[in-house]
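Let me give you the structure first, and then I'll get to my questions.
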Number of protein chains: 2
Amino acid sequence: MDVEDTKYNNTKELILDAAEALLQDRGFNAFSYHHIAQQLGVKNAAIHYHFTSKTDLGTTLIRRFRQRFRDYTRTLERENAGPVSKLECYFAIPASYLQNGRKICPLGVLEAEFNAIPEPMQLESRLLDKEMRDWLAGVLDDGRSQGVFNFEGSIVDKTLVVVAALQGVLQIARVAGPQIFSVTVRQIKRELGVLEKAV
Amino acid sequence: MDVEDTKYNNTKELILDAAEALLQDRGFNAFSYHHIAQQLGVKNAAIHYHFTSKTDLGTTLIRRFRQRFRDYTRTLERENAGPVSKLECYFAIPASYLQNGRKICPLGVLEAEFNAIPEPMQLESRLLDKEMRDWLAGVLDDGRSQGVFNFEGSIVDKTLVVVAALQGVLQIARVAGPQIFSVTVRQIKRELGVLEKAV
DNA sequence: GTCTATAACGTGATAGAC
DNA sequence: GTCTATCACGTTATAGAC
């Protein structure tokens with residue numbers, strides 16, 4: 001049993017994977033232990049062995065999102081990625097959500113259900129939001145300093161618009177179709193002054 | 001019993017009001033007939049008399065949003081409101097949601113829970129989205145033609161970014177605080193070229 | 001139009017065998 | 001670590017009295 005076995009192929013991780021997909025597909029209050037159990041071919045009680053409560057499961061899920069984002073940005077740092085490259089990687093996250101079954105941003109789900117989720121999950125949501133938005137603000141700041149971005153307004157203001165627009169458009173894509181996503185990303189890039197080609 | 005009585009002060013309308021608040025506060029799957037009944041001081045079955053199913057209630061709710069928006073825009077038309085004025089009125093909608101208990105856009109809620117709401121509600125959601133976005137696109141088009149707006153990109157692209165950003169920021173306000181709303185609106189205006197004062 | 005009563009079901013959760 | 005069995009509860013919904 002090497003290190004890999006503790007990371008993958010164990011039920012706990014599979015439960016989290018299933019729960020994550022269900023969260024981004026239906027929302028926290030619209031999936032149950034039974035959904036997960038059925039998907040993994042186990043029984044209800046097996047999930048409870050790994051996560052004593054649904055609150056526990058939900059909180060762990062958000063912590064995993066946070067850790068994943070940290071790992072992702074650290075990798076970009078190690079590769080000495082520039083602001084433009086970092087921005088592309090940031091856009092790649094919602095893009096993969098959309099492709100992988102029209103999922104939406106986890107934070108969008110949690111915020112939409114915010115007043116109907118357990119407090120520990122609310123706290124974790126706040127942290128996830130802060131970490132992601134702070135990171136993007138840094139990228140925009142660097143890009144502007146280096147002259148590869150060109151946009152109006154303060155860093156904070158601009159970061160908010162970008163984050164909110166991406167979160168929103170993933171949701172709208174469910175009623176308006178997936179093609180609106182790339183359209184929106186194109187417009188966001190335009191307004192960041194990073195257009196590769198002229199319009 | 002005059003006309004007013006049929007519009008207000010009847011239980012059916014009060015149920016819709018309560019359901020609407022609950023929808024924008026907790027989401028469709030996180031409120032029940034009991035919540036509404038309790039709030040109105042009636043019993044569960046009374047709600048069922050007016051709305052046979054929760055699907056019925058939800059669908060009626062979205063139809064009411066659609067009707068309200070239609071009425072609102074018609075009023076603006078009757079008043080010969082210009083594009084700038086119309087835009088301000090459009091921003092006033094999410095602003096009132098935020099003020100009135102940190103509610104979020106109904107469409108945002110419905111889209112977040114999209115795969116967990118009844119099909120009739122999904123259909124109504126599509127219509128509401130199309131109607132609102134088409135209207136705003138018209139406003140942006142007029143404003144640009146008249147030279148009171150000044151922005152990059154196509155009307156469709158720009159409309160999407162504005163709508164998505166507003167929808168997103170209301171959600172983010174729940175974890176980041178209400179003050180981020182006006183910040184975002186300010187940035188959106190900046191990028192529409194309608195800033196009243198210099199930054 | 002609203003009530004009481006109740007049905008039928010899904011849910012989160014626990015106890016105890018294997 | 002997973003199972004069966006079971007509990008307590010909330011939910012949508014219906015029947016029938018008032």
Side-chain angles (χ1 to χ4, degrees), chain A residues 1 4-23 25-62 109-110 113 115-122, chain B residues 1 4-23 25-62 109-110 113 115-122:
Chain A
M1 315 207 184
E4 298 309 308
D5 283 329
T6 53
K7 177 76 186 176
Y8 305 102
N9 200 20
N10 58 4
T11 307
K12 191 158 186 170
E13 216 67 24
L14 288 174
I15 292 170
L16 284 170
D17 291 341
E20 180 176 310
L22 283 163
L23 175 79
D25 184 60
R26 306 172 49 87
F28 185 72
N29 289 305
F31 79 82
S32 70
Y33 272 48
H34 187 65
H35 286 112
I36 302 172
Q38 217 170 3
Q39 206 166 309
L40 299 197
V42 295
K43 294 300 172 184
N44 210 323
I47 320 281
H48 272 287
Y49 171 78
H50 296 282
F51 300 94
T52 53
S53 69
K54 200 183 173 190
T55 300
D56 180 24
L57 172 58
T59 314
T60 307
L61 210 47
I62 309 177
V109 179
L110 297 165
E113 298 186 280
N115 299 322
I117 61 174
E119 198 183 303
M121 290 181 62
Q122 295 180 337
Chain B
M1 316 209 183
E4 298 308 308
D5 283 330
T6 54
K7 177 74 184 174
Y8 305 102
N9 200 21
N10 59 2
T11 308
K12 190 159 187 170
E13 215 67 24
L14 289 174
I15 293 170
L16 285 170
D17 291 342
E20 180 177 308
L22 284 163
L23 176 78
D25 184 60
R26 305 172 50 87
F28 185 73
N29 288 305
F31 79 82
S32 71
Y33 271 48
H34 187 65
H35 287 111
I36 303 172
Q38 218 170 3
Q39 206 166 308
L40 299 197
V42 296
K43 294 298 172 184
N44 212 323
I47 320 281
H48 272 286
Y49 171 80
H50 295 281
F51 300 94
T52 54
S53 70
K54 199 183 174 188
T55 301
D56 180 24
L57 172 59
T59 314
T60 307
L61 209 47
I62 310 177
V109 179
L110 297 165
E113 299 186 280
N115 299 321
I117 62 174
E119 198 183 301
M121 290 181 63
Q122 295 179 337

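Chain naming here is simple, since letters A, B, ... match the order of the sequence lines and numbering starts at 1 in each. As a basis for the values below, the full set of heavy atoms in this structure was taken, side chains included, without hydrogen atoms, waters or symmetry mates.
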>> I'd like to check the salt bridge (Lys or Arg N to Asp or Glu O under 4.0 Å) partners of B:Asp56; sequence neighbours left out, ordered by chain and number.
In response: none
> In residues 25-32 of chain A, which ones come under 4.0 Å of DNA chain C, going by heavy atoms?
Replying inline: A:Phe31, A:Ser32
> Do B:Asn29 side-chain atoms and A:Asn29 backbone N/O form a donor-acceptor pair below 3.5 Å?
Replying inline: no
> Taking for each residue the nucleotide of DNA chain C with the nearest heavy atom, is it B:His50 or A:His34 whose nucleotide lies nearer the 5' end?
Replying inline: B:His50
> Which pairs count as side-chain hydrogen bond (donor to acceptor under 3.5 Å, both in side chains) when at least one residue sits in residues 34-44 of chain A, sequence neighbours excluded?
Replying inline: A:Ser32-A:His35
>> Which residues pass the ring-ring contact (aromatic ring centres under 6.0 Å, His included) test with A:His48, not counting sequence neighbours?
In response: A:Tyr33
> Starting at CG of A:Leu57 and ending at C1' of C:dA13, how long is that distance when rounded to a whole Å?
Replying inline: 14 Å
> What nucleotide among C:dG12, C:dT11, C:dT4 has an atom nearest to a side-chain atom of A:His35?
Replying inline: C:dT11
Under-3.5 Å N/O pairs linking protein and nucleotides 6-9 of chain C:
none

> Just how far is it from atom OG1 of B:Thr60 to atom CE of B:Met121, taken to the nearest 0.5 Å?
Replying inline: 9.5 Å
> Does the side chain of B:Ile36 reach to within under 4.5 Å of the side chain of B:Leu57, using non-hydrogen atoms?
Replying inline: yes
> Could you state the interatomic distance from NE2 (B:His50) to CG (B:Leu14), rounded to the nearest 0.5 Å?
Replying inline: 9.5 Å
> Can you give the first and last nucleotides of DNA chain D, 5' to 3', that have an atom under 4.0 Å from a heavy atom of chain A?
Replying inline: D:dG1 to D:dT4
>> Heavy atoms only, 4.0 Å cut-off, all strands: where does A:Ala45 land among base, sugar-phosphate and nothing?
In response: base
>> Taking any heavy-atom pair under 4.0 Å as a contact, classify B:Tyr49: base, sugar-phosphate, or nothing.
In response: base
